[in-house]
Structures are given as C-alpha cells and as structure tokens.
Amino acid sequence: DKLIRPLTPDLRPLPMQFSYTAKSTSGELQAGEIDARTIDDVKAHLRAQNLFPIDISRRAGDSPLALFSRAKSKRGIGRRDLLSVTTQLAVMTKSGIDLASALKSLAKQSHNPKLCKVLAQVHEDVTGGKSVSESLRVQQHIFGEAYVASVAAGEAAGKLPEVLNRLAQMQRAELRNRSTMRTLMAYPILLTTVSSAVVMGLMIFVLPQFKEIFSQFEITLPKITQGLMAISAFLRYKAWLWGPVLGLIGLAAFISRSTPGGRRWWDGLILNTAIIRDVSRAFYVGRTFRMLGLMIDSGVPLLDGLRLTRNSVSNLL
C-alpha cells in the first residue's frame, strides 16, 4: 500500500484565486486575495491568521474570454451613469431611505436598460439577505474593486452615506479632469490632422503640376526638389501599395494594445512623450492619490488601499 499510494493521482481541485473580506480580532476590516483549492482552505488560512471571514468569492480569471465578457457587459454603462447612481444613493441614504428601497427606485428610474438590469440584480441580492458590499462585488466588473472596497469599509463602519458622497465627489472630479484633458488634446490633434491632410494634398495634387512646368525648361532641379518630386510620384502612382501598408500599420498598432509588451510601450509613450507627459503624469498622479485618499478616509487599510489603487490605474507603468 505504501508503494502504490504515491502513484495515486491527486484528484483534488487545482488552486484558484479567491477574494475575501474579513475582520481581525480588533474589529478592523481587511480585504485581499489568496490562492487556495477550496473555500474551506481559505477559511482555515484566515483563521490561522486570527481573521474572521465575512465574504469569500472566487475571483474570475483574466483570460481573453473573461476580459471580453467583462468588457461586453460593461459596454453601454458610462461614467456619468455610475456618477448619477452614486450621487442619488448618497442623497437617499443620507435622507434616511433604506438602501433596498433606494436601489429599487433607481432601477425603475434608470433610462439605461443595462444599468437598470444591474441595479435590479443588486436590489435582489440585498433583499435576499446579502450585504451591500457582497451584492456589489457580484457586479465588480461594473463598479470596480476600489468602489466595492470603499463601500464595504463604509458599511462596516456605519458611514455608508458619507462614503457614497465621497465616491460621487471623486467620480465628478474624474469626469471634469477627463473633459479638461480631452479639451487640451483636441487642438494639437486637430492641428496635426489638418496639417497632414494639407501636406498630402500638396504632394499628391499640386507638385505634379509643377513637374510639368519644370519639364518645359532644360534646367537641372536641386536634389531636394527632385526628392520631393519622387515622393510625390510614389504617393500618386503607388497608392495601391502605401495605402494597405498604412492600414496594416494602424491595425498592428491597435492589436498591440492588447498584448503586454505593446501595452507597456504605449503606456510609456503616454507618460514620456514631451508634448503630453505634463498632462498625462499630472492626471495619473492626481487620480492615484484621490483614490488612495478616498479609501483611507473610508476605513480601508493602507496596504489594501495601495493594492486596489494599483488595480484601478489603467497605465501599466
């Protein structure tokens, strides 16, 4: 039996990643992730650290199919929709309306069918006995990890209206900053586009007319002029070649955003390009510290706040 036992295959499930929310012996709320085979293993690990589990859920993997599914489910629910929901929840809970009634009212009033479905599901989970944070964690791909963690901390501390109000203020500031950033970038992008179109028009349509005029005179043109004429002829008569090449380059640039190396290169370009780095760095630094300050103020521990802030920043660098 001793010889055969090591050859027996391990039929236990493979390790998976779980997210947990637990309380310490001092009553402090902690959230994190752990790799384990089953939920019982997670509970045993937490008890060994003198932590009492409140909520344990399996974390969805970041496979391409899972990422596509989350992106598809989130499509159609904008930042303004989430801001409206957070603001109204903050007002209602501060006025003394219970959260279940507030969610039910928002689900009925929402003009966005996808958001209405999400709110209805959260309302159903809350009325079914789950806490607000547990119900929101099911829709974490819509609200975000930092949002759910802040709500969980506010719920545990009995400060949910104040936390929702802070979340609404942060979302409003983010929308304002994004609008300002788009306004600042619109002029240089428009100027570059128009200038490129004008130069292409000159090269393709105007320079060939000068070539016919120069051909009437037996004059040796300067090297620079000859080079421009050659480029103009290439653009005019080889459109079947450079058109698809430019299309392939654009497609490759778009696809590279979905690869780790390509995304890191693009994120480095955003942070280090001379023209836009002052705006992009200020935007990311401001957003990072606003998010971290919000979670610390809501009662999320510093290390958990740093981890959640890191997950909420879209730039890899």
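All heavy atoms count here, side chains included; hydrogens, waters and symmetry mates do not. What you see is a predicted model; the values in this text were computed from it and never measured.
- The backbone N or O of Arg176 sits less than 3.5 Å from a side-chain atom of Thr180, completing a donor-acceptor pair.
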_Pair Val85, Leu119 - check side-chain contact (heavy atoms from CB on, under 4.5 Å), show working._
CA-CA 9 Å; Val85 168; Leu119 293 175; 4.0 Å; yes
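- Shortest non-hydrogen contact noted between Pro53 and Ala22 is CA-CB, 3.9 Å.
- Side chain of Ser133 to backbone of Val151: no donor-acceptor contact under 3.5 angstrom is found.
- Between Tyr147 and Leu164, the closest side-chain pair of non-hydrogen atoms falls below 4.5 Å.
- Val118 approaches Ile142 most closely through the heavy-atom pair CG2-CG1, 4.4 Å.
- Shown here are the salt bridge (charged side-chain N to carboxylate O under 4.0 Å, His left out) partners of Glu134, two or more places apart in sequence or in another chain: there are none.
- Hydrophobic clustering, with ILVMFWY side chains joined whenever heavy atoms are under 4.5 angstrom apart, groups Val206 together with Val194.
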_Run the side-chain contact (heavy atoms from CB on, under 4.5 Å) test on Arg137 and Phe143 for me, step by step, so that the C-alpha distance in whole Å, both residues' side-chain angles and the decisive distance to 0.1 Å come before the verdict._
CA-CA 8 Å; Arg137 188 170 286 108; Phe143 295 94; over 6 Å; no
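- Side-chain contact between Ile255 and Leu251 is present, with at least one heavy-atom pair separated by less than 4.5 Å.
- Asn165 pairs by the side chain to side chain donor-acceptor pair (under 3.5 Å) definition with nothing, not counting sequence neighbours.
- Remark: Asn177 engages no residue in a side chain to side chain donor-acceptor pair (under 3.5 Å) (not counting sequence neighbours).
- At distances below 3.5 Å, at least one donor-acceptor pair connects side-chain atoms of Asp81 with backbone N or O atoms of Gly78.
- Under the 4.5 Å side-chain heavy-atom criterion for ILVMFWY residues, no single connected hydrophobic cluster contains both Val198 and Tyr187.
- Residue Arg236 qualifies as enclosed at atom CZ: its count of foreign heavy atoms under 6.0 Å is above 12.
- Val148 is not connected to Leu303 by any chain of hydrophobic side-chain contacts under 4.5 Å among Ile, Leu, Val, Met, Phe, Trp and Tyr, and they are in different clusters.
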*Under the side-chain hydrogen bond (donor to acceptor under 3.5 Å, both in side chains) rule, what do Arg281 and Asn272 come out as? Steps first, then yes or no, please.*
CA-CA 9 Å; Arg281 289 180 181 182; Asn272 299 317; 3.0 Å; yes
*Just do the side-chain contact (heavy atoms from CB on, under 4.5 Å) check on Asp41 and His45 with the steps written out, would you?*
CA-CA 6 Å; Asp41 291 343; His45 180 79; over 6 Å; no
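- At least one side-chain heavy atom of Leu106 sits under 4.5 Å from a side-chain heavy atom of Met92.
- Side-chain contact between Gln88 and Gln109 is present, with heavy atoms from C-beta onward closer than 4.5 Å.
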Side chains of residues 223-232: which donor-acceptor pairs under 3.5 Å do they make with residues two or more places apart or in other chains?
residue, atom, partner, partner atom, Å
Gln226, NE2, Leu221, O, 2.7
Ser232, OG, Met203, O, 2.3

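- Note that the CG atom of Leu292 and the OG1 atom of Thr309 stand 4.5 Å from one another [nearest 0.5 Å].
- Arg172 is listed as a side-chain neighbour of Thr87, based on a closest heavy-atom distance under 4.5 Å.
- In this structure, Asp98 CG and Thr93 OG1 are separated by 10.5 Å, a value rounded to the nearest 0.5 Å.
- Pairing each heavy atom of Ser110 with each of Cys116, the nearest pair is OG-N, 3.9 Å.
- Grouping the Ile, Leu, Val, Met, Phe, Trp and Tyr side chains by contacts below 4.5 angstrom, directly or via other members, places Leu306 apart from Leu316.
- Under the 4.5 Å side-chain heavy-atom criterion for grouping Ile, Leu, Val, Met, Phe, Trp and Tyr, Leu269 is not connected to Ile189 through any hydrophobic cluster.
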*In sequence, state the C-alpha distance, the side-chain angles, and the governing distance for Leu241 and Phe234, and then conclude on side-chain contact (heavy atoms from CB on, under 4.5 Å).*
CA-CA 9 Å; Leu241 176 62; Phe234 175 78; 4.1 Å; yes
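- The NZ atom of Lys117 sits 10.0 Å away from the CD1 atom of Ile77 when rounded to the nearest 0.5 Å.
- Of all the heavy atoms in Val132 and Val126, the pair that sits closest is CA-CG2, 4.4 Å.
- In this structure, the side chains of Leu294 and Val163 stay at 4.5 Å or more apart for every pair of heavy atoms.
- Ser105 places no side-chain N or O within donor-acceptor distance of the main-chain N or O of Ser101, the cut-off being under 3.5 Å.
- Rounding to the nearest 0.5 Å gives a distance of 9.0 Å between OG1 of Thr86 and CE of Met170.
- Heavy atoms from other residues, nucleotides or ligands lying under 6.0 Å from OH of Tyr284 number more than 12.
- For the side chain to side chain donor-acceptor pair (under 3.5 Å) test, no residue two or more places apart in sequence or in another chain qualifies with Gln139.
- The two residues Val300 and Gly305 make their nearest non-hydrogen contact at CG1-N, 3.8 Å.
- A 4.5 Å side-chain heavy-atom check between Leu46 and Tyr20 finds at least one atom pair inside the cut-off.
- Hydrophobic cluster of Val285: the remaining members, joined at side-chain heavy-atom separations below 4.5 Å, are Phe289, listed by chain and number.
- Between Leu82 and Gln171, the shortest heavy-atom contact is O-OE1, 3.5 Å.
- By the 4.5 Å heavy-atom criterion applied to side chains, Arg277 and Leu271 are not counted as neighbours.
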